[in-house]
Amino acid sequence: MKLDVNALRYLSKDDFRVLTAVEMGMRNHEIVPAELVDRIAGLKHGGTYKVLKNLLKHKLVHHDSSKYDGFRLTYLGYDFLAIKTLVNRGVFSAVGRQIGVGKESDIFEVATEDGTVLVMKLHRLGRVSFRAVKSKRDYLSHRSSYNWLYLSRLAALKEFAFMKALGEHEFPVPTAIDCNRHCVVMSLIQGYPLVQVKQLQNPDDVFETIIGLIVRLAEHGLIHCDFNEFNIMIDDNEKITMIDFPQMVSVSHRNAKMYFDRDIECVFKFFRKRFNLSYEEEREHDEGLVCDSGEDGGRLCFSSIEKSAGFLDKELAASGFTTKDQDDIQKYIEGEKEDGGEDDAEDEDEDDDEDGDDEDDAAAEEEDDDGPIGVQISSLKIADQPEESATSNIADEKEPLVPENEEDCADVSGDSEDNENDDELAKRLDKERKRAIAAVRGRRKLITSRNSYKDKGRKSSLNSKVQRQALKW
Ligand code: ADP
Ligand code: MG
């Protein structure tokens with residue numbers, strides 16, 4: 001979905017007033033009756049309808065007359081409300097190019113008044129994950145409706161709360177700066193996703209750091225659940241930063257061990273394939289942290305890590321992320337994982353008819369969804385500040401989050417012949433786990449064999465300057 005913030009220049013106070021009225025109406029309506037929009041907006045007679053036409057033209061609202069004459073916000077409309085609020089707060093004043101795109105997010109550079117470049121992540125739940133959500137129908141069936149914008153807001157709130165709490169505990173994460181609606185603003189990480197990096201000076205150190213982070217997270221009561229080469233950033237000094245937290249779960253989750261093992265496995269697989277990392281032949285067993293028999297089969301042992309569940313609860317609550325939000329999300333993640341969490345781009349444009357309410361799927365029928373790739377370079381400089389939105393909440397109801405792992409345990413090489421060696425691989429991985437945890441604990445040295453060719457990521461993606469045009473609206 002394109003984000004053309006130039007249109008912001010053309011929107012008047014009344015436009016935002018009506019846009020906000022639609023948002024407020026969506027607390028109780030999937031499709032907000034036109035009359036209700038009019039009543040909430042309180043413009044003089046006929047004014048609201050004229051404004052709605054303009055909002056429709058800019059694709060900020062969607063018109064639906066299947067049951068009655070009504071409107072709902074589009075993601076673009078929601079983007080504008082969030083951006084305007086954050087600009088009014090002085091968080092940033094210009095929007096630059098798109099630097100990342102996930103299955104369910106768009107990431108842009110933004111700039112503050114003094115030129116500092118930050119990152120804005122817009123959550124877009126429902127963009128791709130329709131099948132996954134359909135599979136949740138049982139869970140959702142007690143609800144008369146659900147709302148993608150609300151779910152995206154919850155994802156953003158969770159991400160912001162975790163980023164902030166983790167930062168306060170000195171985990172290497174971007175600095176959490178602000179959050180509004182489905183939008184999180186954070187510091188820009190000068191680096192590359194690990195997946196882009198072909199060579200490392202010290203792959204063994206990087207590997208140890210990463211495994212150590214997973215262990216430390218567990219010690220703090222958390223499991224990332226999507227800890228792979230796409231969500232690990234690395235800079236020229238091979239410093240690691242982890243990103244992307246909406247799917248994190250607590251170590252008290254009943255499937256915690258499985259998620260923990262999966263995170264560990266992703267890292268092992270990636271380092272083995274990309275950096276040809278191998279280990280000394282097995283020696284004695286590592287004290288304590290490695291289970292050498294039984295169901296753990298020699299793996300880094302989740303149960304032996306001293307965990308303190310609830311450790312971050314206070315910080316999370318301070319960020320406005322309630323226990324109830326957390327429960328809702330975890331409940332949903334649970335269902336998601338059990339269903340395999342499959343998704344399919346084909347589902348993207350499908351209506352979720354089986355829910356019995358065509359208007360539920362706000363994002364799926366996003367009219368402007370012509371692909372996330374087209375990088376839009378636009379800027380805005382806001383001089384005139386229309387009225388602050390009356391609300392930042394789309395819905396009163398608490399609903400479950402839709403978690404999506406973008407590339408679970410991504411197999412970078414994609415080599416089919418690897419499958420033939422599954423058993424051997426499993427054995428090696430088990431050995432490697434033992435070595436790795438020992439290395440993490442500083443007890444043993446890893447041995448690496450390095451690739452001979454090198455190409456350290458693609459710098460270009462992070463080196464650009466945000467273009468600023470000082471446009472007024
Ligand atoms: P998703 O949840 O859609 O996977 P991510 O948070 O993983 O989104 O971000 C997607 C991509 O955007 C990342 O792989 C990275 O390239 C880029 N990105 C995200 N956050 C930052 C940041 N703070 N600094 C620099 N790049 C970032
Ligand atoms: Mg990601």
Side-chain angles (χ1 to χ4, degrees), residues 1-9 75-76 78-124 127 152 155-156 159-160 163-164 167 172-197 230-236 239 241-246 368 371-383 406 456-473:
M1 196 185 89
K2 282 179 186 163
L3 172 64
D4 180 1
V5 291
N6 279 311
L8 271 167
R9 290 180 302 154
Y75 261 122
L76 190 61
Y78 205 38
D79 292 348
F80 275 28
L81 288 172
I83 289 170
K84 187 181 80 73
T85 301
L86 289 164
V87 168
N88 286 355
R89 282 183 194 165
V91 176
F92 58 82
S93 60
V95 177
R97 65 192 187 98
Q98 185 163 4
I99 59 166
V101 56
K103 276 184 184 171
E104 294 188 293
S105 76
D106 286 319
I107 288 121
F108 295 84
E109 286 178 337
V110 293
T112 63
E113 274 299 328
D114 68 5
T116 308
V117 179
L118 303 172
V119 165
M120 169 176 77
K121 178 169 178 178
L122 295 165
H123 285 264
R124 307 226 187 272
R127 178 158 73 185
S152 294
E159 177 144 57
F160 179 74
M163 202 185 298
K164 201 157 178 294
V173 296
T175 307
I177 292 169
D178 205 347
C179 175
N180 181 259
R181 297 177 172 86
H182 61 322
C183 174
V184 180
V185 181
M186 64 188 104
S187 61
L188 175 75
I189 301 304
Q190 296 289 350
Y192 334 87
L194 190 57
V195 69
Q196 289 180 8
V197 176
F230 296 90
N231 292 328
I232 297 168
M233 305 282 291
I234 185 162
D235 70 9
D236 286 332
K239 181 177 173 294
T241 306
M242 53 181 183
I243 59 170
D244 203 358
F245 315 106
D368 193 23
I373 303 306
V375 174
Q376 190 80 24
I377 299 180
S378 304
S379 304
L380 74 150
K381 166 104 178 173
I382 296 186
E406 61 178 10
K456 180 99 172 215
R458 278 170 295 170
K459 289 192 174 186
S460 57
S461 68
L462 288 174
N463 286 344
S464 80
K465 293 253 157 43
V466 171
Q467 296 189 3
R468 308 187 71 194
Q469 296 166 349
L471 302 173
K472 289 199 173 180
W473 56 281

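The first residue of the sequence shown is numbered 1, and numbering continues consecutively from there. We use all heavy atoms of the structure for the numbers below, so side chains are in, but hydrogens, waters and symmetry mates are not.
- Side-chain contact between Phe92 and Val117: absent, with no pair of heavy atoms (C-beta onward) separated by less than 4.5 Å.
- Counting only heavy atoms from C-beta outward, the side chains of Met120 and Asp79 never approach each other to under 4.5 Å.
- Summarising the geometry of Thr85 relative to Leu81, their closest heavy-atom pair is OG1-O, 2.8 Å, with the distance given to 0.1 Å.
- Rounding to the nearest 0.5 Å places NZ of Lys84 at 9.5 Å from CG of Leu8.
- Of the inter-residue distances, the one linking Ser105 atom OG with His123 atom NE2 reads 6.5 Å to the nearest 0.5 angstrom.
- Considering every non-hydrogen atom in both Ala82 and His182, the closest pair reads CB-CE1, 3.9 Å.
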*Verdict with reasoning, Val119 to Phe108, per side chain to side chain contact (heavy atoms under 4.5 Å, CB included)*: CA-CA 6 Å; Val119 165; Phe108 295 84; over 6 Å; no
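- Atom SG of Cys183 and atom CD of Glu159 lie 10.5 Å apart (nearest 0.5 Å).
- Here CG of Asp244 is found 11.5 Å from CZ of Phe230. Values are rounded to the nearest 0.5 Å.
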*asked:* side chain to side chain contact (heavy atoms under 4.5 Å, CB included) for Met186 and Ile243? Distances and angles first, verdict last.
replied: CA-CA 10 Å; Met186 64 188 104; Ile243 59 170; 5.6 Å; no
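- In this model, no donor atom of one side chain and acceptor atom of the other lie less than 3.5 Å apart for Ser152 and Tyr78.
- Looking at residues two or more places apart in sequence or on another chain, you find a side-chain contact (heavy atoms from CB on, under 4.5 Å) between Ser187 and Pro174, Thr175, Ile189.
- Partners of Phe245 according to the ring pair (Phe, Tyr, Trp, His ring centres under 6.0 Å) rule, which considers only residues two or more places apart in sequence or in another chain, are His224.
- One distance of note links CZ of Arg181 with CG of Leu86; it measures 8.5 Å at 0.5 Å rounding.
- Rounded to the nearest 0.5 Å, atoms CD1 (Ile107) and NZ (Lys121) are 5.0 Å apart.
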*asked:* The test is side chain to side chain contact (heavy atoms under 4.5 Å, CB included); show your working for Asp106 and Val101 and say whether it passes.
replied: CA-CA 5 Å; Asp106 286 319; Val101 56; 3.4 Å; yes
